[in-house]
J.: 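My questions all concern the structure below.
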Amino acid sequence: MTQILEPTALGRLALPNRLVMAPMTRNRAAADGTPTGLMAEYYAQRATAGLIVAEASTPNAVGQTYPNITAIHTPAHIAGWRQVTDAVREAGGRMFLQLQHGGRVGHPANSGHTPLAPSPVPLPDTVFTPDGHQQAVTPREMSLDDIHATVADFATAARNAVEAGFEGIEVHSANGYLLHQFLAGNTNRRTDAYGGSVDARIRFTVEVVEAVAAAVGPERVGVRLSPGLTVNGIEEGDTADLYPALVARLNRLDLAYLHVVHADPQAPVFRRIRQEWHGTLIANPVLGELATGPVTDAAHRLLDAGADLIALGRPFLANPDLVERLRLGAPLNPVRDRYLMYVGGAAGYTDYPALYETGSQPSSDSIVALDGARVA
Ligand SMILES: Cc1cc2nc3c(=O)[nH]c(=O)nc-3n(C[C@H](O)[C@H](O)[C@H](O)COP(=O)(O)O)c2cc1C
């Protein structure tokens, strides 16, 4: 049986274990999207992950979703990310950067622009802005020029990410953001080459991935998918046809990996993707904040079902030394404050304790953890 803590390889990268820190938007960047020193500290604390996929970063201004998310389209963004990747490398880690265009999930109060989308179908929800939650606006339908310019922005952002010291990038084609809006029938009402049939709806994702692969090399490119997920008002309608077709097209590109969200080893769509996909598969099981035993068991069930790497989000958020805790079978810190997941400074961000912290008073969380470590 393959073990999550065994070393492995991802293309030319040697990984010390099969655990991936899932991308998590933490809204700690400066207002213009520039990463900060605090972010360098947060990611360096988690450098024992086999691979870190850094949070969604917008490739252009109009693609910005929420306040204080990171960006990667100016020299300041590149310099800000460089201090993060330097800190992680110094701590022994490796990072990819997720590239995300929000499409209709955005607001003029955040980006200064009317959001762009495949069709003028508004998000049926509010969007968080500096002035609180505001109703989503109707996005502007992308022209062919908009489509070509956006593909080019992704390619430039990928080059910027490599310049900033990332090992590669993950194209975000999941969770209801722009690329997923092209894939899904309810958000893509186009009648041109980018809408209608499955082949037409997958075209935009394929073109973005081809462009970034040409820009930085396919071995530096992963893709994230969330088949069937209805988050952000998405209804694909034909999940069982859509994803095999998309995976077949992506197979031709020799990419670093495919990353599946809400991965369930029993789900037909997961099994089908594993069957179709020739390359490395990262599975994110969505376990939330469970204890070590259930996390390890679920991860091993996915490895047995053909996953190569296991991505975890909230367990990494609350446990900077998650790898060590899983090795010891030690208890996990729970997420303390859900509000601080998406807003704030150091609190709820860099102050989650590791098992063996020196020079600081243990919080009640770390006392529990130390007890667990002693019995493990
Ligand atoms: C605070 C937070 C921010 C997130 N931001 C992103 C993101 O930027 N990109 C993305 O693809 N998924 C994002 N996600 C989803 C996670 O990557 C992951 O799929 C989800 O949390 C389920 O995994 P978990 O149960 O291990 O946390 C976010 C999740 C959380 C909790």
Side-chain angles (χ1 to χ4, degrees), residues 4 18-29 33 35 39 42-43 46 49 51-59 63-72 81 95-103 105-106 128 161 169-181 205 222-232 234 257-264 270 282-292 294-299 302 307 309-319 322-323 325-326 332-344 347-350 352:
I4 40 170
R18 293 171 184 265
L19 285 167
V20 177
M21 177 173 163
M24 284 180 287
T25 293
R26 304 300 311 275
N27 307 75
R28 261 67 171 190
M39 291 177 55
Y42 163 77
Y43 280 112
R46 288 154 179 79
L51 179 71
I52 294 173
V53 182
E55 64 205 77
S57 207
T58 187
Q64 182 179 349
T65 47
Y66 312 111
N68 298 95
I69 71 153
T70 59
I72 183 76
W81 275 121
M95 297 179 93
F96 269 46
L97 178 65
Q98 186 182 57
L99 300 182
Q100 168 193 274
H101 188 303
V105 185
F128 188 67
I169 60 106
E170 176 174 287
V171 174
H172 197 351
S173 187
N175 298 357
Y177 298 102
L178 180 65
L179 276 63
H180 202 182
Q181 291 158 31
T205 289
V223 179
R224 197 170 213 217
L225 302 174
S226 54
L229 198 65
T230 55
V231 67
N232 281 321
I234 287 288
Y257 66 78
L258 203 61
H259 184 174
V260 176
V261 178
H262 281 235
D264 170 0
F270 178 78
I282 304 180
N284 173 210
V286 189
L287 301 173
E289 308 150 17
L290 298 175
T292 47
V295 168
T296 306
D297 290 349
L302 277 165
L309 302 171
I310 304 298
L312 298 171
R314 286 160 291 180
F316 266 113
L317 185 156
N319 296 275
L322 180 65
V323 173
R325 286 173 191 254
L326 295 184
L332 303 186
N333 298 324
V335 171
R336 273 202 308 266
D337 184 337
R338 289 178 47 77
Y339 179 73
L340 293 176
M341 292 204 296
Y342 298 104
V343 70
Y349 190 54
T350 48
Y352 280 101

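Hydrogens, waters and symmetry mates play no part in the numbers below; they use all other heavy atoms, side chains included. Just so you know, ligand 1 is whichever comes first in the structure, and atom 1 is the first atom listed for that ligand. Just so you know, these numbers come straight off a predicted model, no measurement behind them.
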J.: Rounded to the nearest 0.5 Å, how far apart are CG of Asn319 and OG1 of Thr292?
T.: 10.0 Å
J.: Near Leu312, which atoms of ligand 1 are under 4.0 Å from a heavy atom of that residue?
T.: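 That gives atoms 26 (O) of ligand 1.
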J.: Exactly one of Leu99, Val223, Thr205 should register a side-chain contact (heavy atoms from CB on, under 4.5 Å) with Leu179. Which one does?
T.: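 Checked Leu99, Val223, Thr205 against Leu179; only one passes side-chain contact (heavy atoms from CB on, under 4.5 Å): Thr205.
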J.: Just need the protein heavy atom nearest to atom 2 (C) of ligand 1, so name the residue and atom and give the distance.
T.: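 Here the nearest protein heavy atom works out to Tyr342 OH, 3.4 Å.
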J.: To check your reading of the model: name the closest protein heavy atom to atom 29 (C) of ligand 1, its residue, and the distance in Å.
T.: Met24 CG, 3.9 Å
J.: Using a plain distance cutoff, I'd like to know if Thr25 has any nitrogen or oxygen under 3.5 Å from a nitrogen or oxygen of ligand 1.
T.: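 Thr25 vs ligand 1: N/O contact under 3.5 Å present.
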J.: Below 4.0 Å, non-hydrogen atoms only: which portion of Leu287 touches ligand 1? Side chain, backbone, both or neither.
T.: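 Just the backbone.
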J.: Based purely on interatomic distance, does Gln100 place a nitrogen or oxygen under 3.5 Å from a nitrogen or oxygen of ligand 1?
T.: no
J.: Taking the six-membered ring for Trp and the full ring for Phe, Tyr or His, determine whether the centres of Phe96 and Tyr257 are under 6.0 Å apart.
T.: yes
J.: For atom 21 (O) of ligand 1, which candidate among His259, Arg314, Arg224 provides the closest heavy atom?
T.: Arg314
J.: Does Asn284 use its side chain to pair, donor to acceptor, with the backbone of His262 at less than 3.5 Å?
T.: no
J.: Distance-only, no hydrogens or angles: does the Gln181 side chain make a donor-acceptor pair with backbone N or O of Gly176 under 3.5 Å?
T.: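 Yes, because the side chain of Gln181 sits within donor-acceptor range (under 3.5 Å) of the backbone of Gly176.
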J.: Should Gly288 be counted as touching ligand 1, given the test is an N or O pair under 3.5 Å?
T.: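 By distance alone, the answer is yes.
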J.: Sub-3.5 Å donor-acceptor pair from the side chain of Arg46 to the main-chain atoms of Leu317, do we have one?
T.: yes
J.: Can you tell me which residue and heavy atom of the protein come closest to atom 26 (O) of ligand 1, and the distance to 0.1 Å?
T.: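 Answer for atom 26 (O) of ligand 1: Gly313 N, 2.7 Å.
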J.: May I ask you to identify the nearest protein heavy atom to atom 19 (O) of ligand 1, giving residue, atom name and distance to one decimal place in Å?
T.: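 Result for atom 19 (O) of ligand 1: Asn284 OD1, 2.5 Å.
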J.: Based purely on interatomic distance, does Pro315 place a nitrogen or oxygen under 3.5 Å from a nitrogen or oxygen of ligand 1?
T.: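 No, no N or O pair falls under 3.5 Å.
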J.: Numbering the atoms of ligand 1 from 1, which are under 4.0 Å from a heavy atom of Asn175?
T.: 10 (C), 11 (O), 12 (N)
J.: Checking contacts here: is it the side chain or the backbone of His172 that comes within 4.0 Å of ligand 1, counting heavy atoms only? Could be both or neither.
T.: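 Under 4.0 Å from ligand 1, His172 contributes side-chain atoms alone.
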J.: Compute the shortest N/O to N/O distance between Pro23 and ligand 1 and return yes if it is under 3.5 Å, no if not.
T.: yes
J.: Looking only at heavy atoms, what is the nearest atom pair of Ala307 and Phe270, with distance?
T.: CB-CZ, 4.5 Å
J.: Output yes when the distance from some N or O of ligand 1 to some N or O of Arg26 is under 3.5 Å, and no in every other case.
T.: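 No: no nitrogen or oxygen of Arg26 is under 3.5 Å from one in ligand 1.
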J.: Could you list which atoms of ligand 1 come closer than 4.0 Å to a heavy atom of Ala56?
T.: 8 (O)
J.: I need the Ile4 CD1 to Arg18 CZ distance, nearest 0.5 Å.
T.: 10.5 Å
J.: Among His180, His259, Gln100, which residue satisfies the side-chain contact (heavy atoms from CB on, under 4.5 Å) criterion with Arg224?
T.: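 When side-chain contact (heavy atoms from CB on, under 4.5 Å) is applied between Arg224 and each of His180, His259, Gln100, only His259 qualifies.
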J.: Is it the case that the ring center of Tyr349 lies less than 6.0 angstrom away from the ring center of Tyr42?
T.: yes
J.: Rounded to the nearest 0.5 Å, how far apart are OG1 of Thr70 and CZ of Arg28?
T.: 13.0 Å
J.: Taking heavy atoms and a distance under 4.0 Å, where does His262 meet ligand 1: side chain, backbone, both or neither?
T.: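 His262 to ligand 1: no contact under 4.0 Å from either part.
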J.: Would you say the side-chain atoms of Asn333 pair up with the backbone N or O of Ala318, donor to acceptor, closer than 3.5 Å?
T.: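 Side chain of Asn333 to backbone of Ala318: a pair is present.
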J.: Within ligand 1, which atoms have a heavy atom of Val286 less than 4.0 Å away?
T.: 22 (C), 23 (O), 25 (O)
J.: Can you confirm, on distance only, whether ligand 1 has an N/O atom lying under 3.5 Å from any N/O atom belonging to Ala22?
T.: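 For ligand 1, there is no N or O atom that lies under 3.5 Å from one belonging to Ala22.
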J.: Provide the number and element of each atom of ligand 1 under 4.0 Å from a heavy atom of Gln98.
T.: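 This gives 7 (C), 8 (O), 9 (N), 10 (C), 11 (O) as the contact atoms.
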